[in-house]
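Scope of the values below: all heavy atoms of this structure, side chains included, with no hydrogens, waters or symmetry mates.
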Amino acid sequence: MSTGAITLDGLAIGYRLSRRREKRIASDLRLRVDEGQFTVLLGPNGAGKSTLLRTVCGLQDPLEGRVLLSGRDLASLPARERARSLGVVLTERVDTWGLTVWDLVALGRAPHTRWSGRLTEQDRTAVATALAETDTEDFAGRKVSELSDGEKQRVLVARALAQEPAVLVLDEVTAFLDLARRVEIMQLLRRLAHTSGKTLLLSTHDLDLALRTADRLWLIDRRGEVYEGCPEDLVLAGSLAEVFRYEGLEYDPASGRVELNQPLGERVGVVGSGVPALWTQHALERLGFRVDREGGDAVVALVEVEGEEPYWRLHCRDHESCHSTLEDLTRELGSQLQTAVA
Amino acid sequence: MSEQSSSAPALEPETLQPRGVGTLPWVLLLGAVVLVLLLELALGVVWIPLRDVFSLLLGLESSVDRWHRIVLDFRLPRALTALIAGSALGVCGLLLQTTFRNPLADPWFFGLVHSARLGVALFVVISGSFGSTVLASLGLLSNLGLAISAGLGALAMTSVLLLLAPRVGAVTLLLSGLMLGQTASGLISVVMHFTTEAQSRAFTQWNDGTFVHVGFSQLGILVAIVALGFACSVLLAKPLNILLLGENYARTLGLAVERSRRATVAVAAVLAGAVTAFCGPVAFLGILAPHLARVLFRSADHRVLLPACALLGAGLATLADLIVHLPWSRHFLHLNAMLGLVGGPTVVLLLLRGYGSREAS
């Protein structure tokens, strides 16, 4: 058997409630992350992503099975050695009592330093490199408590990098960040995997971002089933739609989006082209209409989109009107259909 | 951001070596401690010129004969006790604050001091060694016994708090420590009920904290125990730094978290126990020193904070003792009252600034 950087060998995860009882989240996981790969663990909130990652980091004991790190059983690795090969970024808040960014990142060297924690030249270089790679050098002298969430997250990544591990495990690093920061962090991590050959396993519930960046996905659903593969294969196999079909949401492989799974309403034809027509369709779909871009016979209403500065012409049975905003248009459409019913 | 830009980034000198603490705060702090120490030796009911204090310390004669006795026999042991006890309590406070991740932690608030006194009370009753003599004339063995039983008492309290800590918040832990401390005080009264009158009189002598009653023989034991405690603290500096990140991160950095925590609170208990055994309950130094150290040195690194807390604790204790022993015409000031004047508002300030609402995990 060829060993990846991380191998789950018949792993069962969950919590032991008492000696006899346990809450099992997933069983018999046989998964792999290869060296230098950027793997994203994707699943809805509450599916057990954190539990799986905590087990992979050794923060939680598996109920059964083993986690192998470069072929060696995690449970039998000495703590210091484990720390040298596995770096972790967790969701928990770090309360740092006035620690500076540099000092925090330098704590990543702990598994490499001697009893006093004194840094050698090599340690300092590793810290500086980690700061440079995460683009956090500019605030190296600032206190961690003064940073924004995005900056703090990058500093925590830098701390894990300073550890110089072959494997990085990151739990929901993009949560609580705005879109730009999320993309930035994911780009950074992906670059790390591809340029420095580090093995990355990251969890997220952000489907869109995962699909755009991951080399491979581990897809976990609420029953503890895990599917693995390259993102596109999982989409085509319907696994993604399967996992995210819950609570009125539906993953649509055609649009690549999770849609509100509400019963589709009446057909409305949209005639026109370009960006305005696209957003007209968006607005109508958001309101629950089914959009027919051909403008066929079965429609209850027809919307013509015209001009560079778009305006909309609405045809609904006998009614005909012109609108300069989509808000006006949809309001009029709603009232026309209401009177038709009455 | 292209993914091909893999060339190693050029490293700035500042990112290789951050701006350190610098020597200025150390010089200032050390100077202040020395100054307070000299004043402690010079000032009192009898004012002795600094020139004479110096010559006495150097083993020379002073201009007035009885000053020899005042400075070397009365004030010097008191000053040294204040220095050592103060530094021990300052370090003890820092150890507790980091281990419990609780900025309000302090040997007095957390009940270590009271449980240490309970240990002493039990030792006194069981050994019956007090007799009618005052504390200063006790033999070496009894003194050691006092320190050990006080340390065991404090250790019992820290063990209880370690069990409570993961389940409660910072303020709840503080209140639990305070209340358990009161319980220990109550138990001391009960224990005292079973002693002879002479024993209980000797014991009530240090119901209040003071550095007055410690002679040179006890000072030796105190120095030995505190030195041992400091040596262990130095070994704990790295684990304490790692613990700043929280339990989970500490574990992923390869730290044996439980073992480090137990070792730290054991050292804290030994320090608090030794001081309490000889000086009685001394308040507030354990919470003041660490917070002042963080402000003064702008650092969270325990390799800086440990010596800083020792110096600050020593200086504060000596300063408070100095003020207590100034020739006041009407009042008799107590050491804890002086410390409370600064310590009380400081704790309230910390609470108002929201330190208490942090998680205690």
Side-chain angles (χ1 to χ4, degrees), chain A residues 54 57-59 78-84 86-90 92-104 106-111 113-118 121 124-125 127-129 131-133 135-137 140-141 143-144 156 159-160 163 169 184 187-188 190-191 194-196, chain B residues 1-20 97-98 101-103 170 234-257 259 290-291 293-295 297-305 355 358-361:
Chain A
R54 287 172 57 86
C57 303
L59 285 173
R80 198 175 156 92
E81 209 170 312
R82 180 197 298 181
R84 284 180 179 191
L86 179 73
V88 177
V89 178
L90 301 164
E92 68 184 46
R93 214 160 57 98
V94 175
D95 188 3
T96 49
W97 304 43
L99 212 61
T100 64
V101 169
W102 204 96
D103 287 341
L104 176 80
L107 280 179
R109 296 304 295 167
T113 58
R114 290 150 56 92
W115 65 270
S116 69
R118 223 170 67 99
E121 205 50 48
R124 291 179 186 286
T125 312
V127 173
T129 310
L131 288 168
E133 277 179 329
D135 200 16
T136 49
E137 300 147 294
K143 286 186 181 174
V144 178
L156 286 172
R159 191 211 56 85
Q163 220 167 319
V169 174
E184 192 179 87
Q187 295 266 17
L188 161 72
R190 189 180 149 81
R191 198 174 65 230
H194 293 173
T195 60
S196 54
Chain B
M1 247 192 271
S2 109
E3 292 192 12
Q4 273 75 41
S5 63
S6 63
S7 60
L11 303 175
E12 302 285 327
E14 307 95 86
T15 44
L16 275 173
Q17 177 92 56
R19 193 174 45 80
Q97 289 186 11
T98 305
R101 292 179 65 70
N102 190 332
V234 170
L235 291 175
L236 288 168
K238 180 180 166 182
L240 287 169
N241 280 341
I242 298 176
L243 276 176
L244 284 179
L245 295 175
E247 209 172 297
N248 282 328
Y249 273 118
R251 222 160 256 149
T252 65
L253 280 168
L255 184 72
V257 172
R259 211 171 59 201
H291 286 287
R294 289 191 195 100
V295 172
F297 288 88
R298 296 179 172 282
S299 175
D301 186 345
H302 287 79
R303 287 169 299 172
V304 173
L305 291 181
Y355 278 94
R358 293 180 177 185
E359 281 176 46
S361 63

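Residues B:Leu245 and A:Glu92 approach most closely at O-OE2, 4.2 Å, considering heavy atoms. Across every non-hydrogen atom of B:Gly254 and A:Ala83, the tightest pair is N-CB, 3.6 Å. Residues B:Asn241 and A:Leu107 come closest through the heavy atom pair O-CD1, 3.5 Å.
Proximity to chain B (any heavy atom under 4.5 Å) is shown, for A:Arg84, by neither the backbone nor the side chain. Looking at A:Thr113, both its backbone and its side chain come within 4.5 Å of chain B, counting heavy atoms on both sides.
Among B:Asn248, B:Thr98, B:Leu235, B:Val234, the residue with the largest count of heavy-atom pairs under 4.5 Å with chain A is B:Asn248. Contact tally against chain A (heavy-atom pairs below 4.5 Å) for B:Leu236, B:Leu253, B:Ile242, B:Leu255: the top residue is B:Leu253. The residue among A:Gln163, A:Arg80, A:Arg82 with the most heavy atom pairs within less than 4.5 Å of chain B is A:Gln163.
At least one donor-acceptor pair under 3.5 Å links the side chain of B:Lys238 to the backbone N or O of A:Arg114.
Looking at residues two or more places apart in sequence or on another chain, you find no side chain to side chain donor-acceptor pair (under 3.5 Å) involving A:Ser116. Annotation: side chain to side chain donor-acceptor pair (under 3.5 Å) contacts of A:Arg54 (sequence neighbours excluded): A:Gln60.
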Any chance you could lay out the side chain to side chain contact (heavy atoms under 4.5 Å, CB included) test for B:Tyr249 and A:Val89, step after step, and finish with the verdict?
CA-CA 8 Å; B:Tyr249 273 118; A:Val89 178; 3.9 Å; yes
Might you work through the side chain to side chain contact (heavy atoms under 4.5 Å, CB included) test for A:Leu86 and B:Thr252, ending with a clear yes or no?
CA-CA 8 Å; A:Leu86 179 73; B:Thr252 65; over 6 Å; no
